[in-house]
Asks: 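Below: one structure in structure tokens.
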Amino acid sequence: MDSDAIVIGAGLIGLAISRELTRAGISVTVLEKGKTAKESSWAGAGMLSPHGENLPNPFWAEKAVESLRLYPSWIQEISTETGLHVDYRACGMVEFHDAERREFPDEALVDPRELAAALAQNTNIQEGREIHSLDQLKAKWIIVAAGAWSGEISGMPSSFPVRGHLLGYDMPPGSLSPILRRGNTYVVQRSNGFTLVGSNEEVVGFNRDMDSEILKDLELRGADLWPELQGKRPVDAWCGFRPATPSGIPEVGRIDGTNIWKAYGHFRNGILLAPVTAKLITQQIISAS
């Protein structure tokens with residue numbers, strides 16, 4: 001492989017890192033064991049909600065706010081580079097807690113599937129490349145961004161999947177503007193009207209079996225949060241694997257004494273943290289050169 005850097009994982013984090021490194025003049029190959037951005041990046045709702053998530057780690061709470069600020073120009077640059085539209089809206093969020101209603105006007109939404117397609121447009125990706133050991137790879141820099149699967153690579157700190165179910169509804173475009181949220185329940189709407197209801201958290205390994213009881217519960221929770229969904233039937237249902245770490249803190253940075261960087265374990269916030277993670281990793285690699 002002739003590239004300066006190898007990125008393992010073609011989800012949003014890996015694709016964002018690849019773009020940032022390429023812009024810095026570093027040649028990159030992305031290795032993906034399955035299909036590009038078809039795991040948690042494809043499954044995610046796309047909420048850019050640092051306040052709603054209440055990240056417990058101060059460093060990452062600060063980086064989440066910074067990443068949200070980066071998003072408008074980041075999306076515009078990517079759309080200009082590729083000619084592809086990415087559905088992004090600074091729509092705000094309304095959070096309900098008991099009898100209290102709180103509004104966060106700066107929070108936003110992005111369609112992660114459109115974003116991933118745009119990021120993949122000019123990226124050298126090799127699909128069907130499952131990596132178990134980094135010893136088989138030869139490059140100046142190696143970045144592990146394989147989401148929940150990262151910990152399965154020999155020598156990498158642990159990671160594990162947290163499964164979440166989502167529902168999709170066809171609703172009139174513009175019928176819902178802000179993100180609605182109560183606890184772990186949220187309702188978000190794409191610009192085309194497609195409306196998502198989520199979610200739940202289960203540690204069940206990489207089990208893709210859909211749980212009908214959870215889906216029924218999501219229907220009730222979604223309609224309770226946004227009454228416009230009452231009597232509506234979902235047109236789609238799916239699940240995804242959020243990448244978690246035992247500490248609850250993302251694994252981002254260099255493994256001391258090696259040419260290996262970690263970029264995984266963002267749990268519920270990988271989409272939000274993609275631009276700032278790409279910036280951090282690229283700055284560290286340039287500084288180490």
Asks: Does a side chain donor of either Ser199 or Arg242 reach within less than 3.5 Å of an acceptor in the other side chain?
Replies: yes

Asks: Report the distance from atom CG of Leu12 to atom OG of Ser40, rounding to the nearest 0.5 Å.
Replies: 8.0 Å

Asks: Which pairs with one or both residues in residues 5-14 pass side-chain hydrogen bond (donor to acceptor under 3.5 Å, both in side chains), sequence neighbours excluded?
Replies: none

Asks: Would you compute the distance between atom NZ of Lys216 and atom CG of Leu220 and round it to the nearest 0.5 angstrom?
Replies: 10.0 Å

Asks: Going by the angle between their ring planes, with limits at 30° and 60°, are Tyr71 and Tyr88 parallel, tilted or perpendicular?
Replies: parallel

Asks: Look at the rings of Phe206 and Trp149 and say which category their plane angle falls in: under 30° parallel, 30 to 60° tilted, over 60° perpendicular.
Replies: parallel

Asks: Within the side chain of Ser159, is there an N or O that forms a donor-acceptor pair under 3.5 Å with the backbone of Ala148?
Replies: yes

Asks: Checking Arg268 now: which residues fulfil salt bridge (charged side-chain N to carboxylate O under 4.0 Å, His left out) with it, not counting sequence neighbours?
Replies: Glu53, Glu201

Asks: Is any side-chain heavy atom of Leu167 closer than 4.5 Å to one of Leu215?
Replies: yes

Asks: Look at the rings of Trp238 and Trp42 and say which category their plane angle falls in: under 30° parallel, 30 to 60° tilted, over 60° perpendicular.
Replies: perpendicular

Asks: Mind checking whether Leu272 and Met47 have side chains closer than 4.5 Å, heavy atoms only?
Replies: no

Asks: Output all residues satisfying side-chain contact (heavy atoms from CB on, under 4.5 Å) with Asp111, sequence neighbours left out; order by chain, then residue number.
Replies: Asp87, Arg113, Glu114, Arg190

Asks: List the atom pairs, with distances to 0.1 Å, where a side-chain N or O of residues 168-180 and a protein N or O form a donor-acceptor pair under 3.5 Å, not counting sequence neighbours.
Replies:
from: Ser175; atom 1: OG; to: Pro172; atom 2: O; distance (Å): 2.6
from: Ser175; atom 1: OG; to: Gln189; atom 2: NE2; distance (Å): 2.9

Asks: Can a donor-acceptor pair be found, under 3.5 Å and without considering hydrogens, that links the side chain of Ser3 to the backbone of Ile6?
Replies: no

Asks: Report the C-alpha separation of Lys38 and Glu32 in whole Å, then their side-chain angles, then the decisive distance to 0.1 Å, and conclude whether the salt bridge (charged side-chain N to carboxylate O under 4.0 Å, His left out) test is met.
Replies: CA-CA 10 Å; Lys38 288 298 184 182; Glu32 166 57 46; over 6 Å; no

Asks: Cut-off 3.5 Å, side chains only: do His51 and Glu107 have a donor facing an acceptor?
Replies: yes

Asks: Would you please name every residue forming a side chain to side chain donor-acceptor pair (under 3.5 Å) with Ser79, sequence neighbours left out?
Replies: none

Asks: Mind jotting down which residue pairs meet the salt bridge (charged side-chain N to carboxylate O under 4.0 Å, His left out) criterion with at least one end in residues 63-75? Sequence neighbours excluded, please.
Replies: Lys63-Glu66, Glu66-Lys279

